[in-house]
Amino acid sequence: MFWVQFFSRHASVQKILAISSVTRCTSKSVKHGQSAWLRSIFFNSVKYYPTKLVLGIETSCDDTAAAVVDDTGKILGEALHSQNEVHLKTGGIIPPVAQQLHRENIERIVKETLCVSGISLDELSAVATTVKPGLALSLGVGLEYSLKLVDKYKKPFIPIHHMEAHALTIRLINQVEFPFLVLLISGGHCILVVAQGVSDFLLLGQSVDIAPGDMLDKVARRLSLTKHPECCRMSGGKAIEHLAQQGNRLHYELGAPMRHHPNCNFSFSGLRSKATRIIMQKEKEEGLQEGHLLSCVTDIAAAVQHAVALHIAQRTHRAILFCIKSGILSQTNATLVVSGGVASNQYIRRALQIVTDATNFNLLCPPPRLCTDNGVMIAWNGIERMRAGSGVLHSTDGIRYEPKASLGIDISERVGEVAIKVPSLEVSLNELSAINL
Ligand code: KG4
Ligand code: ZN
């Protein structure tokens, strides 16, 4: 009994348990002597009994991911197959290709997750799966596979909203109480919401056109960054961040969009057009055809990244001021959570830090691997819903995936009507330098 308590309270031992399990799954990667020793200690003498264990499955876009998380927030195991390399080659996600890759990988990813976790399907409390929003063909693979699992093993099913999962991930790592402000910035989404409860959100603003990750991916593609030796395997956003560190953003002026719209909505397609015009002009000057690397890619990357950061920071600043003014959040000890794939960008985080410092908010971001799509956030959302007693289904009749789904109650018009003037932080924001990050 002592050992059970001792081990269950020590996260580092949980990690060893996971490593030890990995040795059984992929035995080549760990030295045999050590793995045999770990196995003999942990698997023969320790059995770990959490109250709830949820398997999370994510296939909404281009990552096939799964994880097992318990009700204390421990990640027992996870696995992920990224389709990024394939989509980089085809110049974007082709839905039937994504669907086929999910089909080819989902069983392996789930098995690997369970194997690393040392958990059998019978031991699970529930299966949680992303059912909205996302690519129809991709969502369908995860849902179909999950429904077969829950039917065969007689488990409850928890349908998950992908954006809700991104928003709640922080509570797996930090003790953040509701309500808090959330900025979700990814390849498919850009929203500002107040999280008031596990399934209770207020939508303050969203992108009126494309998401920032989508814009960065498109600019990166137009710059042919997959041909750059330093970032040929990176997502567009990551490649822009990487190159921006070596560039001078002051060589190009893109400006922040929507300055005369005093709301919390976003727009990124204008920035994309401006970036395209600059690229075309430079190609002309350097006598290059589209598809060849420009000599000034780092400067363009830095200017684009700065404009995106500035825009996101200004809209988020207004959202913070609105929340304080309307009493939705208190002025003391309030929190801004930033998540989604684009939130792993350190430059954008620094811009947001300037805003939260000026407004006395705490800024919290999950670590980058939990900002991009992953199975852990889905499993954790399942745990949150089990705890709240909300959305845990014992019959899956009529369950469908939904490619389009908004999050929470939309109060964005009210935000626009209040028309809060945002004090200029331009000086501080302009001091942001990628080189000094
Ligand atoms: O959340 P995510 O994994 O998937 C969804 O879109 O839901 O986000 C992927 C997006 C891509 O557009 C990718 O280019 C962007 O996140 N991204 C980044 C960075 N890493 C990934 N954008 C800016 N800076 C990064 N470091
Ligand atoms: Zn996502």
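Everything quoted here is computed from the prediction, not taken from an experiment.
Lys227 places a side-chain N or O within donor-acceptor distance of the main-chain N or O of Gly291, the cut-off being under 3.5 Å. Remark: the backbone N or O of Val304 is not paired with any side-chain donor or acceptor of Arg249 at under 3.5 angstrom. Judged by distance alone, with hydrogens and angles left aside, the side-chain atoms of Asn174 form no donor-acceptor pair with the main-chain N or O of Val176 at under 3.5 Å. At least one donor-acceptor pair under 3.5 Å links the side chain of Asp217 to the backbone N or O of Gly236. In this structure, the side chain of Ser207 engages the main chain of Ile210 through a donor-acceptor pair within 3.5 Å. Asn374 places a side-chain N or O within donor-acceptor distance of the main-chain N or O of Thr372, the cut-off being under 3.5 Å. Between the Asn381 side chain and the Ala165 main chain, a donor and an acceptor come within less than 3.5 Å of each other.
The neighbour count for Glu285 CD, taken as heavy atoms of other residues, nucleotides or ligands under 6.0 Å away, is above 12. Atom NZ of Lys152 has 12 or fewer heavy atoms from other residues, nucleotides or ligands within 6.0 Å. Residue Gln353 places its CD atom among more than 12 non-hydrogen atoms of other residues, nucleotides or ligands, all under 6.0 Å distant. With a 6.0 Å radius and a threshold of 12 heavy atoms from other residues, nucleotides or ligands, Leu393 has its CG atom above the threshold.
Shortest non-hydrogen contact noted between Ala65 and Leu80 is CB-CD1, 3.9 Å. His311 approaches Phe266 most closely through the heavy-atom pair NE2-CA, 3.4 Å. Between Gly255 and Leu271 the shortest heavy-atom distance is O-CD2, 3.4 Å. Val338 and Pro366 make their closest contact through O-CD, 3.1 Å (heavy atoms, listed as atom of the first residue, atom of the second, distance). The shortest non-hydrogen separation linking Ala334 to Leu329 is CB-CB, 4.4 Å. Residues Ala98 and Cys61 approach most closely at CB-O, 4.2 Å, considering heavy atoms.
Between Asp373 and His166 there is a side-chain heavy-atom pair separated by less than 4.5 Å. In this structure, Phe157 and Val131 have side chains that are in contact, with non-hydrogen atoms separated by less than 4.5 Å. Looking at Thr332 and Asn360, their side chains never come closer than 4.5 Å, going by heavy atoms from C-beta outward. Using a 4.5 Å cut-off on side-chain heavy atoms (C-beta onward), Tyr347 and Gln245 make no contact. With a 4.5 Å cut-off on side-chain heavy atoms, Val193 and Leu202 do not count as touching. Between Val194 and Phe180, the closest side-chain pair of non-hydrogen atoms is not below 4.5 Å. At a threshold of 4.5 Å between non-hydrogen side-chain atoms, the residues Asp70 and Leu53 count as touching. Contact annotation: the side chain of Cys190 never approaches that of Leu184 to less than 4.5 Å [non-hydrogen atoms, C-beta and beyond].
For the 3.5 Å distance criterion, the side chains of Ser390 and Arg385 qualify, holding a donor opposite an acceptor. A side-chain donor from one of Thr130 and Glu58 sits under 3.5 Å from a side-chain acceptor of the other. Using modelled atom types, one finds no donor on one side chain facing an acceptor on the other under 3.5 Å when comparing Asn84 with Ser235. Remark: the Gln206 side chain and the Ser412 side chain contain no N/O donor-acceptor pair separated by less than 3.5 Å. Judged purely by distance below 3.5 Å, without hydrogens or angles, the side chains of Asp63 and Gln83 never pair a donor atom with an acceptor atom. Side-chain contact annotation: Ser146 with Glu144, donor-acceptor N/O pair under 3.5 Å absent.
Lys155 and Glu123 are not joined by a salt bridge, as no carboxylate oxygen comes within less than 4.0 angstrom of a charged side-chain nitrogen. Taking a cutoff of 4.0 Å between a charged side-chain nitrogen and a carboxylate oxygen, Arg221 and Glu290 do not qualify as a salt bridge.
The structure places CD of Gln346 at 6.0 Å from CD of Glu241, a figure rounded to the nearest 0.5 Å. The line from CD of Glu104 to CD1 of Ile109 is 12.0 Å long, rounded to the nearest 0.5 Å. The OG atom of Ser138 sits 11.5 Å away from the CD atom of Gln100 when rounded to the nearest 0.5 Å. Atom CZ of residue Arg277 and atom OH of residue Tyr252 lie 15.0 Å apart, to the nearest 0.5 angstrom. Expressed to the nearest 0.5 Å, how far CG of Leu139 lies from CD of Gln99 amounts to 11.0 Å. The CG atom of Leu172 sits 9.5 Å away from atom CD1 of Ile383, with the distance rounded to the nearest 0.5 Å.
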Please test Glu78 against Arg369 for salt bridge (charged side-chain N to carboxylate O under 4.0 Å, His left out), starting from the C-alpha separation and ending with a verdict.
CA-CA 12 Å; Glu78 60 175 312; Arg369 75 179 182 90; 2.5 Å; yes
Hey, mind stepping through Lys274 and Glu253 against salt bridge (charged side-chain N to carboxylate O under 4.0 Å, His left out) and telling me if it holds?
CA-CA 9 Å; Lys274 280 189 191 170; Glu253 178 60 50; over 6 Å; no
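Of the candidates His102, Arg108, Glu107, Asn105 forms a side chain to side chain donor-acceptor pair (under 3.5 Å) with just one, namely Arg108.
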